[in-house]
Enquirer: 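Input: one structure, supplied below.
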Amino acid sequence: MQKRRNVITFIAMSLFASCSPALAQAPTELPVVATFSILADLARNVGGERIEVISLVGPNGDAHVYQPSPEDAKNLNGARLILVNGLGLEGWLDRLIKASAATAPIDVATKGIAPRKMEEDGKIGLDPHAWQSIPNAEIYVANIRDGLIAVDPAGADAYRANAAAYLAKLAELDKEVRAALAKIPPQRREIITTHDAFGYFGEAYDFKFIAPEGVSTETEASARDVAKIIRQIKAKKIPAVFLENVADPRMAKRIAEESGATIGGALYSDALSPPDGPAPTYVDMMRNNIKQLTAALAK
Ligand SMILES: [Zn+2]
């Protein structure tokens, strides 16, 4: 905790020291800050050439436990719109926004989505991973479109046209995902991931995911959690354990070894890949995940 406070103080100080020169040049594109890479990609599809999007948490980054940098505060301070996921994903954001003295409106991309409620260690919390269902991503896109129109009304027609085209693409992607997953038999639809990031995916596409870590990566799985999952895999004959791009693969590999389950490929849960990886966009991410699931589970 003490460490984090120091980081924030440092951010506030460095902002104060280096404010004015950067602001003298007005950017031609609307500066937008998104908290993590998936949200940034959705925003780029809606904003097109009118906006420049910066993602605070980068490719393969973990948005649950992110440590903000002074650069992030500067970017927030210069933003005209701040896009956030909400539902408890960005626990570090409120302090960062205060420290940055940002004044841009905050657009909550999950507004209007019915959140999944999770019980964890006796407490009820919200599951933030709503983007893993494509119908939910469509709601994100509508919220981003409306947020952009509110701060840049001159671009309204462009934002509406871009959003409509991208929504049509997402509707096609949803069909593609359902068709591909139809090849996986019902008894092979219960699987293991490292953290509980696929609850909305499971609801939308009829899967059940079990994870040793909860909906946040903040608390590590205990030896008891891991032992329980190994027992579940054996009792229910769960076919595969999947890795995740934002998680250390060691635990998943150990669980697979000790339970006899197959190790599936890496699912992209909370972040995209760098441009040269298998999931540089939201659409690529969903395709990658479907490819990994069908490769390990389809018969
Ligand atoms: Zn997560």
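Each ligand, and each atom within it, is numbered from 1 in the order the structure gives. Every heavy atom of this structure was used, including side-chain atoms; hydrogens, water molecules and symmetry mates were not.
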Enquirer: Looking at the rings of F201 and W131, which for Trp means the six-membered one, are their centres under 6.0 Å apart?
Expert: no

Enquirer: When the side chains of residues 227-240 are checked against the rest of the protein, which donor-acceptor pairs come out under 3.5 Å, sequence neighbours left out?
Expert:
unit_1: K236; atom_1: NZ; unit_2: E190; atom_2: OE2; d: 2.9

Enquirer: How about D62 and H64: does a side-chain donor come under 3.5 Å of a side-chain acceptor?
Expert: no

Enquirer: So, using salt bridge (Lys or Arg N to Asp or Glu O under 4.0 Å) as the criterion, who are the partners of R50 when residues are at least two apart?
Expert: D152

Enquirer: So is R189 actually on top of F207's ring, under 6.0 Å and inside 45° of the axis?
Expert: yes

Enquirer: Do any pairs count as a side-chain hydrogen bond (donor to acceptor under 3.5 Å, both in side chains) and have a residue in residues 173-187, sequence neighbours left out, and if so which ones?
Expert: E172-K175, D174-R178, D174-Y205, E176-R287

Enquirer: Restricting to distances shorter than 2.8 Å, give the number of protein N, O or S atoms close to the Zn ion (ligand 1).
Expert: 4

